Visitor: 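Supplied in structure tokens, the structure appears directly below.
Please read all numbers here as calculations on a predicted model, not as lab measurements. Numbered from 1 within each chain, the chains take letters A, B, ... in sequence-line order.
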Number of protein chains: 2
Amino acid sequence: METMTWNQQIVKKNNKALVLQLIIEKEPISRADIAQVSGLHKATVSSLVNELLEEELIYESGPGESSGGRRPVILHFNKVAGFAIGIDIGVNYVLSVLTDLKGNILIEKNQPLAQTVYSEVMSTVKNMIQSLINEMPGSRYGIVGIGAGVPGIVNKEGSVLLAPNLGWKNVQLKTDLENEFRVPVMIENEANAGAVGEQQLGAGQDYQNIIYISAGIGIGVGIILNKVLYQGRNGFSGEMGHMIIDLNGKLCSCGSRGCWEAYSSENALLEMAGKNTDSLEALIKRAENSDEAAKHLFGEIGNYLGFGINNIINTFNPDQVIIGNRLALAKEWMVQPIRTIIENHTLSHHQKELQLDFSKLGKYSTVLGVTAFVVENFIKEEARTS
Amino acid sequence: METMTWNQQIVKKNNKALVLQLIIEKEPISRADIAQVSGLHKATVSSLVNELLEEELIYESGPGESSGGRRPVILHFNKVAGFAIGIDIGVNYVLSVLTDLKGNILIEKNQPLAQTVYSEVMSTVKNMIQSLINEMPGSRYGIVGIGAGVPGIVNKEGSVLLAPNLGWKNVQLKTDLENEFRVPVMIENEANAGAVGEQQLGAGQDYQNIIYISAGIGIGVGIILNKVLYQGRNGFSGEMGHMIIDLNGKLCSCGSRGCWEAYSSENALLEMAGKNTDSLEALIKRAENSDEAAKHLFGEIGNYLGFGINNIINTFNPDQVIIGNRLALAKEWMVQPIRTIIENHTLSHHQKELQLDFSKLGKYSTVLGVTAFVVENFIKEEARTS
DNA sequence: CCCATTTGTATATTCATTAAACTAAGTTTG
DNA sequence: CAAACTTAGTTTAATGAATATACAAATGGG
């Protein structure tokens with residue numbers, strides 16, 4: 001029962017955020033255009049724009065083209081008013097980036113991980129962050145926040161309750177990073193982050209309801225409904241890797257049976273490939289060299305992916321399904337099998353306007369997702385304090 | 001780009017709606033209490049309450065108990081300011097009700113259906129509605145709207161695209177009813193409506209994220225996330241009856257294989273029961289008379305339901321799962337099998353705070369869901385026009 | 001060069017919430 | 001039992017946001 005009540009300050013805050021959002025999305029843009037598309041009065045826009053100018057969140061450039069009268073003043077988003085740091089903690093690597101406020105990567109660091117003990121990983125992460133901060137250009141707001149994506153179950157307080165592939169259990173990732181760096185920290189499940197990344201900067205920019213499938217060592221799913229990430233009661237939504245697609249099927253590491261990821265993850269692929277194949281990359285190479293066995297293997301994985309996607313479409317009736325993470329590298333040999341399964345199984349009305357795409361950001365989906373989160377949070381906070 | 005802009009009128013509208021909502025939820029309540037819980041100033045509350053009084057949406061009763069000072073004036077929601085009509089079109093019946101604005105059923109009519117040809121059903125429905133209107137008490141606003149729940153795929157324009165069990169395809173239900181009765185009409189899928197019904201008036205009143213499983217002749221699912229019904233891109237969400245749970249399993253009427261509803265619907269039950277059993281009710285009677293075979297049958301169905309619920313929980317991390325529609329009648333023999341499957345399969349973190357319940361409204365879930373929709377819509381509209 | 005047009009600003013108006021003062025009607029206490 | 005205190009609710013003035021209006025600035029077209 002906190003923010004239920006409405007008043008002028010809320011109105012102003014929201015309108016200011018709206019104006020800023022429009023500038024971010026449509027720059028270069030003039031005050032007059034903003035008034036036009038937002039429906040706000042030009043005087044209102046003028047006043048809000050002036051505040052944003054003072055806060056250095058936007059800046060003016062020279063006059064634009066006249067359309068038969070006075071030339072407009074062009075406004076731009078000041079994307080280097082601050083910077084965000086994104087961390088993707090994988091099973092055998094840590095990828096960290098420094099981005100501007102529009103999600104452009106300025107600096108990128110990649111570090112292989114020999115082991116995944118929490119203290120070791122944290123020390124690596126902290127070093128990477130510190131070195132990004134050291135290399136960061138000067139700016140009005142500095143580091144506006146740090147985001148981290150983790151392959152595991154993350155609660156809304158930023159604790160990692162369980163990350164089987166890392167061997168983590170109940171680690172206070174958010175608190176630890178906040179204590180070290182004293183900036184806002186956001187922790188998200190790797191699939192949720194990837195979904196946000198693709199939505200904001202990748203393949204999902206035109207869609208409202210997006211299901212992002214992170215097909216890696218396991219399978220996780222990020223669910224974006226009506227343009228916002230759905231997290232579930234505790235933040236655990238999207239564990240569809242453990243959706244049962246085969247009642248009496250294979251045992252899964254989770255203790256259940258017939259889980260989706262037992263059939264169509266990287267692990268499942270390598271298992272099917274047998275002992276003489278040791279990596280996804282090797283298999284892709286073989287497929288590129290027209291190795292029929294390898295191609296067939298990817299086709300099989302595609303089939304299994306298709307069954308899960310069938311369930312997703314019938315459940316969510318989404319605008320778009322995006323397949324990302326490492327298995328998306330094998331798009332070439334999986335896309336047709338997936339489509340065929342959908343055509344043959346999914347309810348026909350649900351298929352009609354559905355968009356099936358592969359990740360556009362590739363290995364950056366997760367890092368760019370968490371930085372987008374951080375930036376969004378910063379902008380909201382900033383718009384509030386005036 | 002329509003309702004993106006904020007202004008005083010919107011603020012007022014929202015605050016007024018908030019005040020009304022509080023009165024509806026917490027009546028009897030005083031102006032002072034409303035100011036307290038809403039955070040609005042008492043003068044604001046006073047003014048909004050006076051408008052609501054003039055609109056006859058609320059009324060005052062005598063003074064309440066003093067708490068050490070002047071006695072408060074008690075406010076009530078005027079639940080008979082208007083009435084809503086709800087229709088549940090089933091495969092062999094039409095259930096229609098007249099409710100007040102709080103969802104109390106005042107008149108109820110039930111009509112068996114011999115056949116489901118659209119024109120025939122429509123004529124039955126129209127007659128039932130007309131007779132409800134004729135019996136309706138006088139009121140300020142009269143019929144505030146008509147809602148109908150249908151076992152099929154309904155788009156956002158209120159057309160029934162496909163209702164296999166009724167043999168309907170592309171019928172303009174909403175338009176037809178609007179043309180006849182000239183009041184707002186809302187059409188919803190039967191499971192979506194049931195979800196809303198349970199959320200507003202039944203088992204789900206305390207929860208934010210609710211998955212309602214309508215287990216009848218087929219299976220449909222209503223999805224309520226963050227307190228609002230999720231409908232998907234076209235309105236087709238929740239067709240989880242056709243979620244594949246057994247890759248190489250039974251053929252389903254939809255053309256796919258291994259669909260959930262092929263294992264755990266009323267149809268599946270009767271199929272498993274064999275030729276000498278012809279109805280759910282008969283089986284329940286046998287179970288009540290300690291017929292082990294019948295009990296075992298329900299247990300089996302419970303198991304299969306459990307597998308699907310496992311998928312739901314891992315996907316949505318909901319606060320609550322509600323099982324409704326006809327199979328909920330056999331709760332007694334299904335609840336333990338379902339729980340056992342969940343315990344043995346579902347990720348443990350997801351199980352922790354999960355609430356598993358059965359429908360509280362029984363056969364009224366759907367009708368009360370659509371009337372709740374209609375009332376909500378009316379109240380929003382009403383609060384707008386001032 | 002004059003004029004219509006477009007951009008943007010300055011000033012006055014409107015209107016919803018809030019603050020403060022006040023009335024109403026009760027309870028508590030010495 | 002009366003004075004003091006509490007609580008409920010209204011009235012009046014103040015605040016602040018969007019808007020309406022008037023206006024200044026800058027430009028292109030005849």
Side-chain angles (χ1 to χ4, degrees), chain A residues 3-19 22-23 26 28-54 58-75 383-386, chain B residues 3-20 22-23 26 28-54 58-76 383-386:
Chain A
T3 55
M4 53 197 317
T5 166
W6 303 66
N7 54 36
Q8 284 190 101
Q9 285 71 262
I10 307 264
V11 169
K12 176 167 180 184
K13 188 186 127 192
N14 280 284
N15 281 336
K16 192 166 162 185
L18 171 62
V19 168
L22 282 173
I23 296 174
K26 309 202 192 248
I29 190 171
S30 68
R31 290 169 174 80
D33 290 338
I34 295 172
Q36 176 91 49
V37 306
S38 70
L40 291 167
H41 197 273
K42 18 178 218 166
T44 312
V45 172
S46 237
S47 137
L48 295 173
V49 160
N50 285 335
E51 287 187 23
L52 291 170
L53 281 169
E54 275 192 16
I58 61 175
Y59 63 92
E60 295 181 335
S61 68
E65 284 300 293
S66 162
S67 58
R70 169 176 167 179
R71 293 162 68 186
V73 177
I74 300 300
L75 301 170
R384 172 133 42 117
T385 55
S386 69
Chain B
T3 56
M4 55 200 311
T5 166
W6 301 66
N7 55 35
Q8 284 189 101
Q9 286 71 266
I10 307 265
V11 168
K12 177 168 181 182
K13 189 188 127 193
N14 280 285
N15 282 335
K16 193 165 161 184
L18 171 63
V19 168
L20 181 53
L22 282 174
I23 295 173
K26 306 199 193 253
I29 188 172
S30 67
R31 289 168 174 81
D33 289 339
I34 295 172
Q36 176 92 50
V37 306
S38 69
L40 292 168
H41 197 271
K42 21 178 217 166
T44 311
V45 172
S46 238
S47 140
L48 294 173
V49 160
N50 285 335
E51 286 187 25
L52 291 169
L53 281 169
E54 274 193 17
I58 62 174
Y59 63 92
E60 296 180 335
S61 69
E65 284 300 293
S66 161
S67 58
R70 171 175 166 178
R71 293 162 68 186
V73 177
I74 299 299
L75 300 170
H76 300 266
R384 172 132 44 117
T385 58
S386 68

Visitor: Looking only at non-hydrogen atoms, find the nearest pair between B:Leu22 and B:Ser38 and report the distance.
Guide: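 Of all heavy-atom pairs spanning B:Leu22 and B:Ser38, the closest is CD1-CB, 3.8 Å.
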Visitor: Taking all non-hydrogen atoms of both residues, which atom of A:Asn50 and which atom of A:Arg31 are closest, and how far apart?
Guide: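 Minimum heavy-atom separation between A:Asn50 and A:Arg31: OD1-NH2, 3.6 Å.
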Visitor: Could you pull out all residues at least two apart from B:His41 that satisfy ring pair (Phe, Tyr, Trp, His ring centres under 6.0 Å)?
Guide: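 Result, ring pair (Phe, Tyr, Trp, His ring centres under 6.0 Å) vs B:His41: none returned.
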Visitor: I'd like to know whether CD of B:Glu60 has more than 12 heavy-atom contacts from other residues, nucleotides or ligands below 6.0 angstrom.
Guide: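 Yes, CD of B:Glu60 has more than 12 neighbouring heavy atoms, counting only those of other groups under 6.0 Å.
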Visitor: Expressed as a whole number of angstroms, how long is the span from B:Glu51:CD to C:dC15:P?
Guide: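 My rounded result for the distance is 13 Å.
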Visitor: What does the B/S/- profile of nucleotides 13-26 of chain D look like, 5' to 3', with a 4.0 Å heavy-atom cutoff to protein?
Guide: ---BBSBBB--BBB
Visitor: With a 4.0 Å cut-off on heavy atoms, is B:Val45 in touch with a base, just the backbone sugar-phosphate, or nothing at all?
Guide: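 If one applies the 4.0 Å heavy-atom cut-off, B:Val45 turns out to touch nothing in the nucleic acid.
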Visitor: Check A:Pro28 against A:Ile74 and note the closest heavy-atom contact, atom names and distance.
Guide: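 Of all heavy-atom pairs spanning A:Pro28 and A:Ile74, the closest is CB-CG2, 3.2 Å.
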Visitor: Minimum heavy-atom separation for B:Arg71 and B:Ser66, please, with both atom names.
Guide: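 For B:Arg71 versus B:Ser66, the nearest heavy atoms are CG-CB, 3.5 Å.
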Visitor: Which atom names give the shortest non-hydrogen contact between A:Ala35 and A:Lys42, and what distance separates them?
Guide: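 Shortest heavy-atom separation between A:Ala35 and A:Lys42 comes out as CB-CA, 3.9 Å.
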Visitor: Starting at CD1 of B:Ile34 and ending at C1' of D:dT7, how long is that distance when rounded to a whole Å?
Guide: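 Rounding to the nearest Å, CD1 of B:Ile34 and C1' of D:dT7 are 16 Å apart.
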Visitor: Heavy-atom contacts under 4.0 Å between residues 59-67 of chain B and DNA chain C, which residues?
Guide: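 Heavy-atom contacts with DNA chain C come from B:Ser66.
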Visitor: Can you tell if the side chain of B:Val49 reaches within under 4.5 Å of the side chain of B:Ile58, non-hydrogen atoms only?
Guide: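 Side-chain contact under 4.5 Å: yes.
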